[in-house]
Asks: 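Structure provided below as structure tokens; questions to follow.
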Number of protein chains: 2
Amino acid sequence: MYEQLAKSIGDKVTLTEADFEVCKTFFIPKKIRKKQTLLLEGDVCTYNAFIEKGILRSYTTDEKGQEHIMQFAFEGWWITDLSSFLMGVHSTFTIEAIEDSELLLLTATAREELMDALPVFERYQRLLLQNAYIALQTRVNSALTATAEEKYTKLTISYPDIIARVPQHMIASYLGLTPETLSRVRKQINLRK
Amino acid sequence: MYEQLAKSIGDKVTLTEADFEVCKTFFIPKKIRKKQTLLLEGDVCTYNAFIEKGILRSYTTDEKGQEHIMQFAFEGWWITDLSSFLMGVHSTFTIEAIEDSELLLLTATAREELMDALPVFERYQRLLLQNAYIALQTRVNSALTATAEEKYTKLTISYPDIIARVPQHMIASYLGLTPETLSRVRKQINLRK
DNA sequence: AAATAAAATTGATTTAGATCAATGGTATTT
DNA sequence: AAATACCATTGATCTAAATCAATTTTATTT
């Protein structure tokens with residue numbers, strides 16, 4: 001149940017086995033079924049979730065009821081509404097499981113305590129955040145620069161997992177395209193090869 | 001020369017005056033004139049720049065020679081190409097002064113040393129990054145969701161400084177619009193009031 | 001396994017914003 | 001202060017992607 005977490009932390013910092021045992025105690029394991037929500041828009045996000053197994057997504061809903069996906073999260077990734085989680089404000093995102101998933105939840109206070117108990121955890125969190133920030137910049141740039149086809153092609157290269165495991169209409173939403181446009185883009189690409 | 005830095009750090013963490021004196025020694029002051037570059041696309045970004053005075057911007061240039069602005073940075077903000085700065089890869093961004101500016105530069109090694117010397121500096125950096133990440137998410141969401149007019153209106157509300165101090169064609173670039181479209185959007189808004 | 005719901009595809013049409021082009025303004029530069 | 005380069009505005013036209021609508025395919029549920 002903690003394999004992915006051990007791997008994720010170990011990739012970024014050095015932690016003894018004893019310290020990892022301490023680390024584990026701060027997390028709350030939780031299973032969540034496909035289509036169940038971990039967070040509803042408007043609620044306060046009380047957890048930062050680490051994914052041991054499965055896929056989740058976070059999304060906003062606009063006035064017309066259309067969903068806009070902010071993030072997909074797979075095994076070994078984290079997902080939360082950061083501003084709600086850190087500042088205690090009402091969330092703008094809904095977080096929902098795309099597959100049956102196994103999570104490790106960290107409350108805001110547990111997170112603070114864990115960073116105090118194991119200073120490398122703060123470093124780990126900073127390193128994760130750096131990567132997440134860089135990835136988001138790339139996404140902004142793609143949104144400003146790229147055509148529909150370029151956006152899709154870049155995604156297939158950078159995140160083949162998303163293409164393989166996520167329904168197409170959700171990929172469209174993530175890229176800021178309609179499902180129809182994405183379907184046509186894929187057809188074009190296939191015709192050319 | 002260090003007023004803005006003292007303010008920025010003081011807003012996030014607690015630092016004694018003596019520690020701040022230590023902190024100062026890690027920075028290299030630098031003046032840069034309007035239109036001069038701090039970083040050219042393709043070079044390795046050796047500095048994380050804190051802005052004491054002035055405005056800078058970071059942007060990518062596409063195949064057609066068009067510039068796409070990733071970030072504006074004012075007094076009290078930081079600017080860098082994070083992935084180039086941290087990983088030593090060639091930068092995708094150019095960083096350039098919009099006005100004559102005064103900077104405090106931190107090299108990657110100075111930054112590491114500073115975080116070792118003053119652990120609160122690591123926390124300060126993490127807190128900055130958290131805010132930057134949340135702001136970027138908001139920008140992605142706006143890019144996915146909003147019309148040209150909504151993008152502009154949101155910017156006027158969230159960042160009136162940008163509207164007031166940055167040329168219009170750069171605002172257009174930042175929003176992913178052409179200068180013509182932004183001009184028309186502004187006209188529409190003015191006609192309505 | 002049949003029934004139902006959800007997702008993907010394809011076609012016809014519309015539209016928001018881009019592009020092309022010209023003019024008037026506003027800064028820099030000499 | 002004149003000259004030059006850069007910016008913002010306005011108009012006409014074009015186009016990539018959205019919308020509307022129908023059909024086929026694939027998943028879920030009973």
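Just so we're clear, the structure is a prediction, and the values are computed from it rather than from any experiment. In what follows, chains carry the letters A, B, and so on, assigned in the order in which the sequence lines appear, proteins first and then strands, with residues in each chain numbered from 1.
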Asks: Checking contacts here: which listed nucleotide (dT19(D), dG17(C), dT10(D)) is nearest the side-chain heavy atoms of T178(A)?
Replies: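 For T178(A), the side-chain atoms sit closest to dT19(D).
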Asks: NA contact type, L182(A), heavy-atom cut-off 4.0 Å: base, sugar-phosphate, or nothing?
Replies: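 Since no nucleic acid heavy atom lies under 4.0 Å of L182(A), the category is nothing.
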Asks: Round to a whole Å and report the spacing from NZ of K35(A) to C1' of dT29(D).
Replies: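 It works out to 11 Å between those atoms.
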Asks: Decide if the gap between the ring center of F72(A) and the ring center of Y174(A) is smaller than 6.0 angstrom.
Replies: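 That pair passes the under 6.0 Å test.
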Asks: Is any NZ, NE, NH1 or NH2 atom of the basic residue among R192(A) and E149(A) found under 4.0 Å from an Asp or Glu carboxylate oxygen of the other?
Replies: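 Salt bridge flag = yes for E149(A) with R192(A).
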Asks: Does OP1 or OP2 of dT9(D) have a side-chain N or O of K187(B) closer than 4.0 Å?
Replies: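 No.
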Asks: What's the CD-C1' distance between Q66(B) and dG17(C), to the nearest Å?
Replies: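 Atom CD in Q66(B) sits about 13 Å away from atom C1' in dG17(C).
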Asks: Return no unless some side-chain N or O of S183(B) is found under 4.0 Å from OP1 or OP2 of dA8(D).
Replies: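 For S183(B), the contact criterion (side-chain N or O under 4.0 Å from OP1 or OP2 of dA8(D)) is not met.
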Asks: Considering residues at least two apart in sequence or located in another chain, which fulfil the side chain to side chain donor-acceptor pair (under 3.5 Å) criterion with S142(B)?
Replies: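 Once residues adjacent in sequence are excluded, S142(B) has no partner under the side chain to side chain donor-acceptor pair (under 3.5 Å) criterion.
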Asks: How many whole angstroms separate atom NE2 of H169(A) from atom P of dT10(C)?
Replies: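 Atom NE2 in H169(A) sits about 18 Å away from atom P in dT10(C).
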Asks: Provide, to the nearest angstrom, the distance between the CZ atom belonging to R186(B) and the P atom belonging to dG25(C).
Replies: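 Answer to the nearest Å: 16 Å.
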Asks: In whole Å, I'd like the distance from the CD atom of E67(A) to the P atom of dA7(C).
Replies: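 Taking atom P of dA7(C) as the reference, CD of E67(A) is at 10 Å.
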Asks: Any idea which of dC7(D), dG11(D), dG11(C) is nearest the R184(B) side chain?
Replies: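 Of all the options, the side chain of R184(B) is nearest to dG11(D).
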Asks: Centres of the F27(A) and F50(A) rings: under 6.0 Å?
Replies: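 Between F27(A) and F50(A), the centre distance exceeds or equals 6.0 Å.
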Asks: Of the nucleotides dG17(C), dT28(C), dT19(D), which has the atom closest to the K34(B) side chain?
Replies: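 Within the option list, the nearest is dT28(C).
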Asks: Distance check needed: dT29(C) C1' versus R33(B) CZ, whole Å only.
Replies: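 That distance rounds to 14 Å.
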Asks: Between dA8(D), dG11(D), dT10(C), which nucleotide has the shortest distance from any of its atoms to the side chain of Q168(B)?
Replies: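 For the Q168(B) side chain, the nearest candidate turns out to be dA8(D).
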Asks: Please pick, from dA18(D), dT10(C), dT10(D), the nucleotide with the shortest atom-to-atom distance to any side-chain atom of T181(A).
Replies: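 Among the listed nucleotides, the one closest to the side chain of T181(A) is dA18(D).
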Asks: Cation over ring, K12(B) on Y124(B), under 6.0 Å and within 45°?
Replies: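 No.
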Asks: In whole Å, I'd like the distance from the CD1 atom of I189(A) to the P atom of dT9(C).
Replies: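 Atom-to-atom, I189(A) to dT9(C), this comes out as 12 Å.
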Asks: State which of dA8(D), dA21(D), dC20(C) makes the closest approach to the side chain of E180(A).
Replies: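 Of dA8(D), dA21(D), dC20(C), dA21(D) is nearest to the side chain of E180(A).
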